[in-house]
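Below is one structure, written out as structure tokens; the observations come after it.
Excluded from the calculations below are hydrogen atoms, water molecules and symmetry mates; all remaining heavy atoms, backbone and side chain alike, are included.
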Amino acid sequence: MTNEIIVDVSMGQTRVALLENKELVELYIESPDHQEMVGNIYRGKVVSVLPGMQAAFVDIGYEKNAFLYIKDIIIQDERKDRLTDSTAITDLVGIGQDITVQVIKEPIGTKGPRVTTNLTLPGRYVVFLPYCDYVGVSKRIGDETERQRLKEVAQSIKPKEAGLIIRTQGEGKEAEDFICELNFLMKLWQNLQVKGAFISPVPGVIHRDFDLLFRTVRDLFTWNIHRFVISDAQRYTKVLELLDMLSPALKERVEYFSKDYDIFEYYQIENKISKILEKKIWLKCGGYIVIDRTEALTAIDVNTGKYVGESDLEDTVLKTNLEAAKEVAKQLRLRDIGGIIIIDFIDMHVQKHREQVIDTLKHYLKKDKTKTMVAGTTYLGLVEMTRKKVRERLTSLLKIECPCCHGVGEILAPETVVRLAEKDIYKVFNQSVAAAIEVKLHPRVARLLAGADGANIKRLEDVFHKKIVVKYCEHFNLDQIVIKAIEPKECKA
């Protein structure tokens with residue numbers, strides 16, 4: 001398998017595409033208007049405490065207050081060992097209290113960011129935990145012998161009364177590979193403590209996580225990546241400088257894209273991005289899946305479509321569901337869909353086949369760095385799963401709410417608009433002394449309102465004994481209606 005990272009730097013926006021065998025599997029976008037908050041550390045002020053929710057809201061200087069749940073609070077004093085299920089949020093924080101927090105979840109929809117007092121500082125190989133006396137190893141390192149070795153290495157270099165986690169990139173590394181980075185993170189933490197103590201006024205930011213390009217080099221650019229291609233000369237030089245600190249041996253895999261051509265077009269990424277916006281995704285077998293988003297969950301429906309199979313119905317259904325399971329895992333990762341996910345696979349009567357589809361889904365979900373959990377099948381045969389929601393899904397950066405349908409996805413039928421236009425005409429004539437009006441409508445609606453040979457308009461004119469002029473407006477939305485009074489002499493124009 002060939003893995004590539006393609007970076008497009010344009011007018012104030014950076015886009016990073018991760019390709020596996022030329023297929024787009026992850027896409028990240030950052031611009032001045034859409035900068036990630038996850039990882040940022042703030043000195044905030046508690047503005048409200050909700051005992052019923054066991055939570056508090058913290059002003060961190062963002063437009064919406066941050067949400068702090070009791071389970072995300074680390075006790076840093078003599079009460080540390082007494083945080084139990086019976087502990088009340090009011091025992092831990094109070095209104096007006098200054099508090100240092102880190103964003104662990106982006107603001108989504110109407111909700112503000114979620115924060116924790118359990119601060120973490122990530123490097124390439126280790127994550128430094130200033131408040132946790134703990135040693136851990138990334139779950140993505142599967143070899144138990146290697147995991148045990150890394151735990152012993154981590155324990156030997158762990159700072160007193162602090163902790164660290166060995167990241168996936170630390171597999172195969174020795175103590176000396178971690179020490180330099182750990183010392184840098186500890187020094188960074190000391191500087192943040194000083195800055196946090198003297199920040200004025202509260203709220204304020206005391207640490208911003210690095211930009212998208214740096215995070216890509218730190219978190220995504222590993223030995224599994226065969227090429228790193230970037231379209232900007234200055235940023236290309238910056239990547240090489242970062243790798244001098246992080247992993248000099250990877251510098252030979254970095255390329256500057258100097259062609260007079262759009263880099264995403266060249267690597268055929270742009271047309272793949274357009275497909276992210278589609279609700280229906282066709283499968284190679286001829287079936288398809290439909291992805292629908294609601295406020296509470298994401299629903300995915302699987303259909304056989306044009307696929308008729310080769311032997312019998314059960315075989316056709318199984319092959320469609322297996323391909324769909326692979327595609328669902330890919331789309332969740334690509335679109336960065338989080339929260340509750342319900343998948344309606346095509347009904348299967350053979351238990352072995354149902355298990356095979358679930359196993360296939362779990363297998364392809366292993367490629368996803370975001371935490372996922374397949375809960376199982378409901379009584380009605382729906383597959384329930386969750387994917388950790390850290391940020392807005394990708395489509396939120398690529399699309400805005402339609403000003404015509406206002407996010408509904410549908411608009412009024414022409415017949416319904418005609419009825420509304422007729423009611424508006426009645427209202428205008430009943431509330432004004434206008435002798436004539438002009439009604440502007442989309443041509444499709446205007447023709448329906450006028451009727452055959454203008455019979456409907458003639459009927460309305462006879463009712464009110466006034467003149468009505470219908471104007472066809474090609475540029476109007478289908479449900480747009482504009483009525484204004486005019487002089488009778490304009491009716492002949």
Side-chain angles (χ1 to χ4, degrees), residues 36-122 127-134 136 139 162-163 165 189 192 196 199 202-209 294-298 336-341 369-373 375 384-393 396:
E36 284 199 5
M37 296 178 68
V38 169
N40 291 355
I41 300 176
Y42 298 84
R43 191 69 176 157
K45 187 179 293 290
V46 178
V47 293
S48 64
V49 180
L50 307 177
M53 295 177 61
Q54 285 286 66
F57 284 96
V58 183
D59 180 6
I60 60 172
Y62 183 66
E63 58 187 79
K64 299 170 185 173
N65 291 330
F67 180 78
L68 176 63
Y69 184 53
I70 189 171
K71 297 290 187 182
D72 293 318
I73 299 176
I74 291 291
I75 309 302
Q76 300 163 26
D77 57 25
E78 67 276 4
R79 299 176 295 171
K80 186 171 184 178
D81 297 328
R82 289 191 283 157
L83 180 57
T84 66
D85 291 340
S86 62
T87 303
I89 186 72
T90 51
D91 295 331
L92 306 178
V93 294
I95 295 176
Q97 177 183 341
D98 291 348
I99 188 171
T100 302
V101 294
Q102 185 172 35
V103 176
I104 56 175
K105 186 176 180 180
E106 296 285 333
I108 298 175
T110 58
K111 298 178 180 178
R114 182 165 176 171
V115 294
T116 178
T117 64
N118 184 16
L119 310 184
T120 62
L121 294 175
V127 178
F128 176 56
L129 313 174
Y131 293 142
C132 286
D133 192 354
Y134 167 81
K139 293 180 180 178
I165 298 173
W189 171 238
L192 294 182
I199 186 171
V202 175
V205 61
I206 60 176
H207 172 69
R208 294 189 185 276
D209 198 9
T294 72
E295 186 171 345
L297 54 82
T298 299
D336 203 10
I337 296 173
I340 300 170
I341 300 153
K369 293 188 294 294
T370 302
K371 184 179 179 181
T372 60
M373 190 272 291
E384 291 182 306
M385 66 167 291
T386 61
R387 186 174 184 270
K388 187 175 181 181
K389 185 188 291 185
V390 178
R391 58 186 65 82
E392 286 274 19
R393 65 179 63 196
S396 298

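- Heavy-atom minimum distance, I95 versus S48: CG1-CA, 4.1 Å.
- The line from CD1 of I99 to CD1 of I73 is 6.0 Å long, rounded to the nearest 0.5 Å.
- Residues I165 and Y134 approach most closely at CG1-CE2, 4.1 Å, considering heavy atoms.
- Atom-to-atom distance recorded for I341:CD1 and T372:OG1 is 8.5 Å, nearest 0.5 angstrom.
- Listed for the Q102 side chain is a donor-acceptor partner under 3.5 Å among the backbone atoms of G39.
- Put simply, the side chain of N40 gets close to the backbone of D209: a donor and an acceptor are under 3.5 Å apart.
- In this structure, R387 contributes its side chain and I337 its backbone to a donor-acceptor pair below 3.5 Å.
- No side-chain donor-acceptor contact under 3.5 Å links E36 to the backbone of E106.
- To the nearest 0.5 Å, the span separating CG on L119 from OG1 on T100 amounts to 7.0 Å.
- Of all non-hydrogen atoms in I60 and P113, the two that sit nearest each other are CD1-CG, 4.0 Å.
- Closest heavy-atom contact between P130 and A162: O-CB, 4.0 Å.
- A distance-only check finds no donor-acceptor pair linking the side chain of Q54 to the backbone of Y69 [under 3.5 Å].
- More than 12 heavy atoms of other shown residues, nucleotides or ligands fall within 6.0 angstrom of atom NZ in K64.
- Put simply, the side chain of K111 does not reach to within 4.5 Å of the side chain of F67, judged on heavy atoms.
- Across all non-hydrogen atoms, the minimal contact from K105 to K389 is CE-O, 3.0 Å.
- Expressed to the nearest 0.5 Å, how far CD1 of I104 lies from CG of N118 amounts to 9.0 Å.
- The environment of K388 atom NZ is sparse: at most 12 non-hydrogen atoms of other residues, nucleotides or ligands sit within 6.0 angstrom.
- Using a 4.5 Å heavy-atom cutoff, the side chains of V101 and D72 are not in contact.
- The line from CD1 of I340 to OG1 of T298 is 9.5 Å long, rounded to the nearest 0.5 Å.
- Contact check for V93 versus V58: no side-chain heavy atoms found under the 4.5 Å cut-off.
- Of the inter-residue distances, the one linking D59 atom CG with K45 atom NZ reads 9.0 Å to the nearest 0.5 angstrom.
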side-chain contact (heavy atoms from CB on, under 4.5 Å) evaluation trace for L68 with V46:
CA-CA 9 Å; L68 176 63; V46 178; 5.8 Å; no
